[in-house]
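Within every chain, numbering begins at 1; the chains are lettered A, B, ... in the order of the sequence lines, protein sequences first and strands thereafter.
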Protein chains: 2
Amino acid sequence: MRDSARHHRLVEALRTADLNALVCRLPENVLLLSGYWPMSGFSFVVYRADGEATLIVPSAEEAESADTWISDRQLFEWALVGAPDPYEQIGVYLKQACRGMKRIGVEREFEWVAPATNAGEMAVPSELTWRMVESAIEGATLVDATNLLMDQRAVKTDCELERLALANQVAAIGLTRFTQTLEPGRTDAEMVGLVEAAIVSEGTRLEEVSRVRAFAQVSSGPDTAFAWRPCVISTDRTIHAGEIVVLELGVVVDGFWADNTRTRVAGGEASEQQLEWHAIVREAQQSAIGACQAGVPCDEVDRAARSVIEHRGLGDYFVHITGHGIGWRYHEPVPFVAPGNPEPLRDGYVHSVEPGLYQEGFGGIRIEDIVAEQGGTHRVLSSGDRSLV
Amino acid sequence: MRDSARHHRLVEALRTADLNALVCRLPENVLLLSGYWPMSGFSFVVYRADGEATLIVPSAEEAESADTWISDRQLFEWALVGAPDPYEQIGVYLKQACRGMKRIGVEREFEWVAPATNAGEMAVPSELTWRMVESAIEGATLVDATNLLMDQRAVKTDCELERLALANQVAAIGLTRFTQTLEPGRTDAEMVGLVEAAIVSEGTRLEEVSRVRAFAQVSSGPDTAFAWRPCVISTDRTIHAGEIVVLELGVVVDGFWADNTRTRVAGGEASEQQLEWHAIVREAQQSAIGACQAGVPCDEVDRAARSVIEHRGLGDYFVHITGHGIGWRYHEPVPFVAPGNPEPLRDGYVHSVEPGLYQEGFGGIRIEDIVAEQGGTHRVLSSGDRSLV
């Protein structure tokens, strides 16, 4: 079923930008435009300012792509012995869909991309794609539509909010499993396996859920002092009683992302500093969440968290921003909940709130939840135990 | 420690192509050129025809990237509050490393890319990267080096072969877990969780192994008739006794890939057709593996598998090619073990041999192993139980 709120916004944005159409192939944007999350990532959408659209997918994905809201669906043969060149087949469909156009928006500046279902191998537009598109559009001008697409993505529709709530519900399966299974003697990598397996296995059982993948990162003990890093390596380090363990968890459910962090102490007995710092981080997080509301500037939300921490003299240990957007990708640029960003939150924004404290020798503590601005207030989409012990 | 065989080949290839350097940022090529597998995928290598090289990485990856064989390593700040624009920092380092150059090879035509460790979000070169590179190289010409890089990657050095053997050893943990845990009552997605968790948890314990990720796809019963597809969805379908279950398994170990498929019948009792078709597939696979040797044309290897199947009148059910290259990515284009490809195998090639039979109503059977051409003969890198029951 077409998300008519999204459709109207897209058509409006295309007209305002004087574009005849968007031509997209990144899985995250194909999902935004068509409601279909590509399996291999080798799919294209033409979304036209006149309200019509075309979805081009491999015939191998015929069954799954049938639930797109785009009625004009074209299949090309691929991955079978004797199949013709896929680019030639796609080019023919693009040509039909783009006939007579003057200005077409494309994904020219996506440096960070979300995987398709087949996350082990990503399909991305290189010069090969651009040559095919340019040859198909017969002299129309290609215009970078990265900002247009990210503006669209920043504000979620009600349907999309429910998909993100569902992704967070699936992620909570992993957060609970983390709490239930964390014990001294396990390794960081073992915790990754337990959390991811629970999410994939139990998440797919939920009604309305089809495809699930989880990306957990677990660190423990002194290593958690570096848990602020964008990528943490989950090693075979054995977790000991009384050590901090940080779980950073990205989950994708049918193309919609959740991002959560939980910090626990293994073995049930926490130190005074662990308890105190955890309480400060949680207070900072609740302060920031409490500030979330359409119209409030991003730096005010960041300040709500940061001032709690600075007030305790720990400002130097909160080294990263308070939050980032999320939706069709693990991290989206809007909103950027950071010092010095005067942009206000808007209804429909979905983002993380994730203050943290990191000190070499001691370790790191972060609590991350996902918040949506909705109906003039905020709604916490994520759940699961947030306690330290 | 530098892989001197790789280094000499790279320098030779750059000189032959009249290139002053390669500038790469895809994780797979950064690994090829530097021995370092990027964590977030936001790293760059300048590899020069004079034998010198520069590795540019986020300061967050300082510890892990220290084991690169490139001595000139430059760190840029990123992901910390107050960090300057990363592209400006990277641009300065690129400018230093590329001074006075005329022709520089870049990754212009990579449509399929391997993830960095952080597989939930991929960093790829978009127009933003190309603009930064063009501004840094001060008028030098950018030349597409995709073919040069893939030619380099097709022929593995002895060191690289051992890394791929290790990746297959880690993958075998998952193949064994699959055999041990498959039983009626489990779901496809549950099998995915069990297999992936075993690989991540036990794989990281192996000496010489640091970072492991697994990407399993499991289908069962009638769904296996579609297991030829490039991406199979692992659902909450419950597996019943006597049903075929197909495990497609991609594993990456410190940037080097393994790709295996196993087919089992759940519950221990297979039908006559299941047994017969499985035996035919295994015979076809062994026939193709037996034909693998430097100098043998790819289509002859394909024929060795296909003729066994055609001889039984089942040619129509073997719908895909016999094998593909593998190394720094799940699927690499060389060698392409397919009908009509006269290109000969060469020593150092590593590729899959994966005949399969798929019939709607009955199901699908595939056995996939990884083979290297080495020392004038072939070496099977993968292991694990291949039996149906």
Once rounded to the nearest 0.5 Å, what's the spacing between atom [atom1] of [X] and atom [atom2] of [Y]?
| X | Y | atom1 | atom2 | answer |
| --- | --- | --- | --- | --- |
| A:R229 | B:L80 | CZ | CG | 11.0 Å |
| A:E64 | B:C231 | CD | SG | 8.0 Å |
| A:S201 | B:L194 | OG | CG | 7.5 Å |

Flag side-chain contact, heavy atom, 4.5 Å: [X] against [Y]:
| X | Y | result |
| --- | --- | --- |
| B:V81 | A:P339 | yes |
| A:E127 | B:E111 | no |
| A:W130 | B:E109 | no |
| B:I233 | A:E61 | no |
| B:R205 | A:E190 | yes |

Checking heavy atoms, do the side chain of A:F110, its backbone, both or neither come under 4.5 Å from chain B? backbone

Residue-level interface, residues 118-126 of chain B with chain A, non-hydrogen cut-off under 4.5 Å: B:N118, B:A119, B:G120, B:E121, B:M122, B:A123, B:V124, B:P125, B:S126

Closest non-hydrogen atom pair, B:P230 against A:A60: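 What the structure gives for the nearest pair is CD-CB, 4.2 Å.
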
Closest approach of B:W228 and A:W78, non-hydrogen atoms and distance?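 Scanning both residues, the minimum pair turns out to be CZ3-O, 4.4 Å.
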
